[in-house]
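Notes follow once the structure below has been shown.
Just so it is clear: chains get the letters A, B, ... in the order the sequence lines come, proteins before strands, and each one is counted from 1. Fair warning: this is a prediction, and the values are worked out from it, not measured in the lab.
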Amino acid sequence: MRLPHPDIAGGSAELVDRHAAAIGALDQTLGHDGRAAVAPPGLAVNHFPLQGAGERSGAKNQRKQQSGRPCAHLPQANTACYKPSTMSSAASRPVRVRVAPSPTGDPHVGTGYIALFNYAFAHNMGGKFILRIEDTDQARYRADSEAAIMQALRWLGVEWDEGPDVGGDYGPYHQSKRTEIYRKHCNMLIESGKAYRCFCSAERLTELRETARAEKRNPKYDGHCKSIDAAQAAKRVEGGEDFVVRMIVPQEGSVVFQDRLRGQVEISVDQLDDQVLLKSDGFPTYHLANVVDDHLMEITHVIRAEEWVSSTPKHVLLYEAFGWQAPEWIHMPLLRNTDKSKISKRKNPVSINYYRDIGILPDALRNFLGIMGYSLGDDKEIFDLKEMVETFNFERVSLGGPVFDQDKLRWMNEQYIHKLSHEDLVDALIEWRYGREHLRKVAPLIRERIKTLSDFASATEFMFSGDVEYTAFADKLKIPEVSNKDLKKGLLELLEDYDQLDGYSAEDLEATSRAFCEKKGWKAKHLFMLLRVGSTGRMASPPLFETMTVVGKEITRRRLRELADFIGKMK
RNA sequence: GACCCCAUCGUCUAGUUGGCCUAGGACACUGGCCUUUCACGCCGGCGACACGGGUUCGAAUCCCGUUGGGGUCGCCA
């Protein structure tokens, strides 16, 4: 399923009144000349009064915040210091934060991590925690993803006060239902000379990027369409030409903003591109949607991952262009793989459901995420959500990127298991994989394969375990005429194909696998044996694809990936 | 490559107003105790302030530089 095109998607009819009001109010904020009514540049460094008490007091940050020359080198007042306007009213603004996942795949531990910190802060401040679905990417949209993300977040114990399913006064909470809002705001920027339509083809842009890279320049849009006058642009639009809307980034100066954890960050505008705000399919990009929604939803603090630091200037510029008060920026460190790179599914299981499926207790995962880049200050590592909320303080965040250490997670889970009463342990087991629901899926697959009930355990052992071993089958793990290297690569590609699926049915898996064989010229029976050994650790199993669904998507994925690595390492 | 961020044991971290730090805790690893076994538990061990300059009576803590790691540079978020 794809998202409906905005033209036919929920437009203004679905907008609640307050948005109309907000847009109306915005019209007034913009002066006749379209200039944003913002505080003049060059003010003293701003702080949210809110953060005063809890202000990070690290000397380094203090230095940065106090450095009195944020705009010193900047030439013109009008291009100079894009510093967030002073928030005189922020003190009284109730805290509202959000997590804004994109439904393009499995519920990511990083989403859980950021959600947890948003939740902890919101509750500590007596504020609200909002869930917003950023479903503006039609190409990567996956129908089953959104529900999975919500389920996973709830499973973790991170509950939202406003969101798509629970409602709230600031909806709709799906960006796909807010396209009319973005379109309007985009037009405002065009009218006020802050944005323009661009008709360049994807090919031209790619070429631009490539030549820039070849010449070792920073890839940047060359402003080709910037000078097209309004009348002509309108004409081309009417003529049915595809276009995007780009924001106009000032030619000189730099953008300065305060990050709660890092102090002052300054980035020169020549690092910035004329960012696309509205895509040719009519959907907004993250940058536009995020700013517009955060403003309309009255978000006070943007707590997100560090990867966003370098695009924050674009957002600051947008707030300025609209004449809005920007939220406070708080960029959390990135979760890491063992090699310190940003956590990724290629190197680490990243789906929350994987951890659920191998039998990690939700509280343990939550607690574990809570010690990533964070501590209570004493030597206490085991703490519940309530305790984290009550004592939460951004000063306790450390910025070195924390490695997601499976060993420590398991240890922590052990602590939680030990704390369970016998009865609760039984319940946990039943809820995990020893309940009727799961057994009902298992039974049909093994009934023909057991002579006594006591055969059940050995017949299904791989359905109740995490990783499996492949060493015993080392000499069987091959496909004629295919090198180990290509085999590994192929397996990984297949995994990608599985990931593109909406859902995880045996039929889809089989169809995908067969199509893959076709493409590769591999014999199905060869590939299927590999998949069998990979997903079960055996050469004999119940029907392969049914088995894979019962073993579960996450564990199967992990096992197949391990298999691929194993094969890659063979002689 | 350009820009930005970061820097205490292999890993998560305490240390944040510089002295109480011959750097504390946890995971992992490891020796022992307990025990019919295994596990748990308990006691012990290994193990870090990246480097170089400053500032200071005194620096893991402040400043500068170097090095290292990471992130970003998309009509993805």
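- In this entry B/G58 has no Watson-Crick or G-U wobble partner, no candidate having both defining distances under 3.5 Å.
- Looking only at atom types and distance, the side chain of A/Glu554 has a donor-acceptor partner in the side chain of A/Ser351 under 3.5 Å away.
- A distance of about 14 Å separates the C1' atoms of B/G45 and B/C9, rounded to the whole Å.
- The 12-atom threshold is not exceeded at CD of A/Gln151, counting heavy atoms of other residues, nucleotides or ligands nearer than 6.0 Å.
- Nucleotides B/C29 and B/C46 have their C1' atoms positioned 8 Å apart, rounded to a whole Å.
- Summary of the strand contacts: A/Glu414 and A/Gly373 both lie near RNA chain B, and taking for each the nucleotide with the nearest heavy atom, the more 5' one is attributed to A/Gly373.
- Comparing B/A7 with B/C12, their C1' atoms are spaced 15 Å from each other, to the whole Å.
- Separation of the C1' atoms belonging to B/C51 and B/G68 is 10 Å when rounded to the nearest angstrom.
- Using modelled atom types and a 3.5 Å distance limit, the side chains of A/Glu134 and A/Tyr286 yield no donor-acceptor pair.
- Counted by atom type alone, A/His174 and A/Glu146 present one or more donor-acceptor pairs between their side chains at under 3.5 Å.
- In a base pair of the Watson-Crick type (N1 to N3 plus N6-O4 or O6-N4) or a G-U wobble (N1-O2 and O6-N3), with each distance short of 3.5 Å, B/U22 is matched with no nucleotide.
- Here the separation of B/U30 from B/G19, taken at their P atoms, is 38 Å to the nearest Å.
- When A/Arg304, A/Arg260, A/Glu307 are each tested for a side chain to side chain donor-acceptor pair (under 3.5 Å) with A/His331, only one passes: A/Arg304.
- Straight-line distance from the CD1 atom of A/Ile267 to the P atom of B/C3: 12 Å, rounded to whole Å.
- In this structure, B/A39 forms no base pair with any nucleotide, since neither Watson-Crick nor G-U wobble geometry is met with both distances under 3.5 Å.
- As the counterpart of B/C27, B/G10 is assigned, both hydrogen-bonding distances of the Watson-Crick or G-U wobble pattern falling under 3.5 Å.
- We find that CZ of A/Arg98 is positioned 14 Å from P of B/A77, with the value rounded to whole Å.
- The distance from atom CG of A/Asp379 to atom P of B/A23 is 16 Å, rounded to the nearest whole Å.
- Judged by distance alone with a 3.5 Å cut-off, no donor-acceptor contact links the side chain of A/Lys408 to the base of B/A28.
- Using a 4.0 Å heavy-atom cutoff across all strands shown, A/Glu381 reaches at least one base atom of the nucleic acid.
- Remark: B/A50 base-pairs with B/U66; criterion is Watson-Crick or G-U wobble with both hydrogen-bond distances under 3.5 Å.
- A/Asn393 places its CG atom 11 Å from the C1' atom of B/U16, with the value rounded to the nearest Å.
- At a cut-off of 3.5 Å, with distance as the only test, no side-chain donor of A/Ser102 or A/Arg142 sits close to an acceptor on the other residue.
- For the pair A/Ser268 and A/Leu334, nearest-nucleotide mapping onto RNA chain B gives the more 5' position to A/Ser268.
- If you check the side chains of A/Tyr141 and A/Asp137, you find no donor sitting under 3.5 Å from an acceptor.
- In the model, A/Asp274 has a side-chain atom that pairs as donor or acceptor with a side-chain atom of A/Tyr196 under 3.5 Å.
- Separating the NZ atom of A/Lys380 from the C1' atom of B/G25 is a distance of 14 Å, rounded to the nearest angstrom.
- Checked against B/U13, B/C6, B/A28, the side chain of A/Ser375 finds its nearest nucleotide in B/U13.
- Here the P atom of nucleotide B/U8 and the CG atom of A/Leu399 are 11 Å apart, to the nearest Å.
- The gap from the C1' atom of B/G10 to that of B/G52 amounts to 26 Å, rounded to the nearest Å.
- One can place CZ of A/Phe383 at 16 Å from P of B/A26, the figure rounded to the nearest angstrom.
- No side-chain donor-acceptor contact under 3.5 Å links A/Asn124 and A/Glu390.
- Residues passing the salt bridge (Lys or Arg N to Asp or Glu O under 4.0 Å) test with A/Arg246, sequence neighbours excluded: none.
- B/U16 and B/U11 have their C1' atoms separated by 23 Å, given to the nearest Å.
- As rounded to the nearest Å, B/G74 and B/C62 have P atoms that lie 35 Å from one another.
- One atom, CG of A/Asp405, and another, P of B/G25, lie 19 Å apart when rounded to the nearest Å.
- Among the atoms of the strands shown, none is found under 4.0 Å from any heavy atom of A/Met412.
- Within a 6.0 Å radius of CD in A/Glu414, more than 12 heavy atoms belonging to other residues, nucleotides or ligands are found.
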Taking only nitrogen or oxygen atoms into account, show me every contact under 3.5 Å that the protein makes with nucleotides 30-34 of chain B, one pair per line with its distance.
none

Shorter than 3.5 Å, N or O on both sides, protein versus nucleotides 72-76 of chain B: list them out with atom names.
unit_1, atom_1, unit_2, atom_2, d
B/U72, OP1, A/Lys342, NZ, 2.7
B/U72, O4', A/Ser310, OG, 3.2
B/U72, O2', A/Ser310, OG, 3.1
B/C75, O2, A/Ser280, N, 2.7
B/C75, O2, A/Ser280, OG, 2.8
B/C75, N3, A/Ser280, OG, 3.1
B/C75, N4, A/Cys200, O, 3.2
B/C76, OP2, A/Lys279, NZ, 2.9
B/C76, O2', A/Asp137, OD2, 2.8
B/C76, O2', A/Arg140, NH2, 3.1
B/C76, O2, A/Arg140, NH2, 3.3

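- Pairing for B/C3 goes to B/G71, judged as Watson-Crick or G-U wobble with the two contacts each under 3.5 Å.
- The main-chain N or O of A/Glu395 is found under 3.5 Å from a side-chain atom of A/Asn393 such that the two form a donor-acceptor pair.
- Contacts of A/Arg410 with the nucleic acid, taken as non-hydrogen atoms under 4.0 Å apart, are absent.
- A donor N or O paired with an acceptor N or O is found under 3.5 Å between the base of B/U16 and the side-chain atoms of A/Arg396.
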